[in-house]
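Note sheet for the following structure.
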Amino acid sequence: MEEENSGIEIPKFTKQPSTITTIITTETEDDNRRVEELTVDEVIEKYVGSFGRFQIMQAILVSMAWIFDAQSTLVTIFSDAKPDKWRCIANDIGLCGGKMSGEGSSVCGLERGSWEWVDGHKSSIIADWGLLCHHKFVAALPASCFFLGSIIGAAIYGRLADSLLGRKKTLILACLLTTITSLLTSFSPNIWTYAVLRFFYGLTRSGIGICCLVLATEVVGRKRRGQVGQYGFFFFTLGFLSLPLISFCTKSSWRFLYRILSILVFLYSIIVLPFVKESPRWLLIQGRKTEALEILTNLASRNGKKLPENIQLIDPSLLMNDNHQNKGMSLWQCKWARMRMAKAMIAGFGVGFVYYAVNLNVENLSFSKYVSVVINALLEIPAVFVGSFLLGFMKRRLLLSLSCFLAGSSCFLCIIFTKGRGGSAGGWIQLGIEGVGFMAASMAFDLMFIYCVELFPTNVRNFAVSLMSQALVLGGAVTPLLVVVGRFSPSISFIVIGVASILSGLMSYWLPETKNVPVFQTLEQQEKEEKLCQLGRSSDQRIPLQVVETNI
């Protein structure tokens with residue numbers, strides 16, 4: 001009835017829920033001008049291109065930071081590792097328990113000064129500070145502190161990236177602070193100082209992965225988000241793969257390992273990051289329309305296209321409600337968002353636990369840790385491409401659950417070949433099974449970030465991704481203790497990892513599907529449009545948004 005009285009005709013045609021186009025026709029004495037107000041999504045799809053050359057370059061430059069995120073997270077595989085072998089240096093072999101050499105914990109009970117580590121007493125923190133025998137659980141403290149620091153840092157960086165600094169400046173800040181803490185860590189005089197510095201190391205580096213993912217995906221079309229997010233994890237794999245090489249060259253001193261990592265992230269901060277563009281979506285949310293439009297114009301130009309002069313950007317939420325007070329609504333103030341975030345974090349906790357546990361638990365395999373780490377790192381490459389391929393046609397929820405189930409099943413199968421069962425052939429079989437499980441865990445880990453990007457709107461997306469990162473890292477914080485337990489009973493560690501993986505796969509069924517879902521700007525807009533979609537499905541109809549042409 002109101003529509004009839006207003007005299008405004010509403011066209012009856014189907015349109016994607018996120019597409020909101022307002023065409024304003026202004027008549028003056030000289031000419032008629034049509035000002036076309038579009039969302040960022042519409043400008044990218046219609047004029048810039050869903051995934052052009054410059055967007056590819058932006059994604060590559062940003063995603064390179066994942067290399068340093070991987071190095072800082074997984075460096076403890078080598079810096080905190082149990083030394084492989086020792087040898088007797090005493091004249092009387094009796095002081096060495098009747099042996100000339102041995103492995104790791106077999107030094108317990110030997111006379112001090114009668115033996116030495118084959119790779120030197122500076123090869124790891126365990127060798128440097130004697131963290132074996134009665135002090136073995138202390139060796140797990142620094143890694144747990146790192147993950148706890150990452151949890152706190154993720155919340156801080158998430159807020160900064162969504163509000164004050166934006167994606168680009170937050171990424172630069174995270175890289176520079178990581179440089180400083182990595183360098184300071186190399187000068188640790190004892191295990192307690194090292195643990196504190198690892199805490200701050202985790203706190204400072206936690207913003208890298210969060211900003212990388214969001215910054216890379218917010219300049220591409222919605223159909224390419226999943227693939228761009230997956231390709232970013234390819235660089236995480238490169239960072240993982242670089243660790244065995246760097247650590248092998250510095251195996252005589254864990255301190256040199258940290259110093260090299262510090263130099264690499266510093267060079268990236270000053271050479272590469274200045275060429276990265278800020279997210280136009282974030283600029284629009286902050287009310288900086290002119291800057292957002294300039295970036296989109298630049299993207300179109302680099303892609304060989306041109307934006308019309310009559311284009312203006314608009315926040316879709318402004319067209320949906322004249323009351324703008326809810327635009328700044330917090331994620332925790334919205335019930336549906338709270339519940340969705342809680343479910344995602346529970347699933348993320350299990351996925352993070354499985355991923356980091358499989359990585360850090362390589363020393364409990366019946367194989368060399370250098371070879372195992374290299375193989376795991378190499379397997380992340382096909383995991384990225386397989387995951388990217390499957391994301392093109394599979395639903396997010398189904399792919400996540402299947403990945404978790406496969407990772408859990410592989411861990412259970414690894415139990416058969418623990419403690420050298422099956423001889424040398426059994427070791428290779430166990431390594432192969434572990435590799436399949438690791439690929440599945442890696443796919444699930446990558447997918448959780450992409451899933452989270454699509455589950456929440458722009459104004460809280462970085463914060464939501466930071467919370468997901470906290471959940472993943474919190475799962476990782478438990479793994480160092482599991483690795484220590486695995487030194488006594490590898491079977492127990494594999495059972496725990498397998499159970500956690502299966503439970504995470506089951507938890508994913510409580511999350512909504514997001515394949516090809518539009519990118520929303522605010523919580524209010526997403527809530528309303530998701531309700532419209534649900535009503536449309538329930539009535540077996542699509543409910544179009546209104547496209548209004550107004551003559552002024």
Quick one about [Y] and [X] (side-chain donor to acceptor, distance below 3.5 Å, no hydrogens or angles considered), yes or no?
X	Y	result
Arg259	Ser186	yes
Tyr47	Asn303	no
Thr204	Thr181	yes

Using a 3.5 Å distance criterion without hydrogens, assess whether the side chain of [X] forms a donor-acceptor pair with backbone atoms of [Y].
X	Y	answer
Ser401	Ser508	no
Gln58	Lys277	yes
Thr479	Ala357	no
Ser269	Val265	yes
Arg198	Cys145	no
Ser388	Phe385	no
Ser63	Ile60	no
Trp282	Asp162	yes

Between [atom1] on residue [X] and [atom2] on residue [Y], distance to nearest 0.5 Å:
X	Y	atom1	atom2	answer
Trp510	Lys343	CH2	NZ	9.0 Å
Leu184	Thr193	CG	OG1	11.5 Å
Tyr268	Ile208	OH	CD1	8.5 Å
Cys404	Leu506	SG	CG	9.0 Å
Leu313	Ile295	CG	CD1	10.5 Å

For this session: For the pair Tyr258 and Tyr194, name the ring-plane relationship: parallel under 30°, tilted 30 to 60°, perpendicular over 60°.
Result: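 Tyr258 vs Tyr194 ring planes: perpendicular.
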If you count every heavy atom of other residues, nucleotides or ligands that lies below 6.0 Å from [X] atom [atom1], does the total exceed 12?
X	atom1	result
Trp336	CH2	yes
Lys169	NZ	no
Phe78	CZ	yes
Phe393	CZ	yes

Problem set entry | Basic-acidic side-chain contact under 4.0 Å: Arg205, Asp69 |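 So Arg205 pairs with Asp69 through a salt bridge.
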Exercise. Hey, are Glu454 and Lys515 close enough for a salt bridge, meaning a charged N less than 4.0 Å from a carboxylate O?
Worked result: no
Check: [Y] and [X] side chains under 4.5 Å, non-hydrogen atoms:
X	Y	result
Phe147	Val478	no
Leu400	Met443	no
Arg53	Arg302	no
Val196	Trp192	no
Ser403	Leu447	no
Leu511	Tyr451	yes
Val48	Lys305	no

Exercise. Looking at Tyr509, is Arg397 sitting on its ring face, NZ or CZ under 6.0 Å from the six-membered ring centre and within 45 degrees of the normal?
Worked result: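 No, Arg397 does not lie over the aromatic ring of Tyr509.
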Exercise. Which is it for Cys175 and Leu273 under the side-chain contact (heavy atoms from CB on, under 4.5 Å) test, yes or no, and what are the steps along the way?
Worked result: CA-CA 10 Å; Cys175 288; Leu273 284 182; 4.1 Å; yes
For this session: For Thr522 and Glu527, run side-chain contact (heavy atoms from CB on, under 4.5 Å): C-alpha distance rounded to whole Å, both residues' side-chain angles, the deciding distance at 0.1 Å, then the answer.
Result: CA-CA 9 Å; Thr522 66; Glu527 181 178 13; over 6 Å; no
Exercise. Taking it one step at a time, do Glu278 and Arg167 satisfy salt bridge (charged side-chain N to carboxylate O under 4.0 Å, His left out)?
Worked result: CA-CA 6 Å; Glu278 181 58 270; Arg167 284 52 161 144; 5.2 Å; no
Exercise. Which residue, Phe240, Phe438, Phe445, Phe146, forms the ring-ring contact (aromatic ring centres under 6.0 Å, His included) with Tyr356?
Worked result: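 So, applying the ring-ring contact (aromatic ring centres under 6.0 Å, His included) to Tyr356 and each of Phe240, Phe438, Phe445, Phe146, only Phe445 qualifies.
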For this session: Could you walk me through whether Val43 and Leu293 pass side-chain contact (heavy atoms from CB on, under 4.5 Å), step by step?
Result: CA-CA 9 Å; Val43 174; Leu293 188 58; 5.6 Å; no
Problem set entry | Verdict with reasoning, Tyr157 to Leu177, per side-chain contact (heavy atoms from CB on, under 4.5 Å) | CA-CA 12 Å; Tyr157 282 119; Leu177 291 178; 3.7 Å; yes
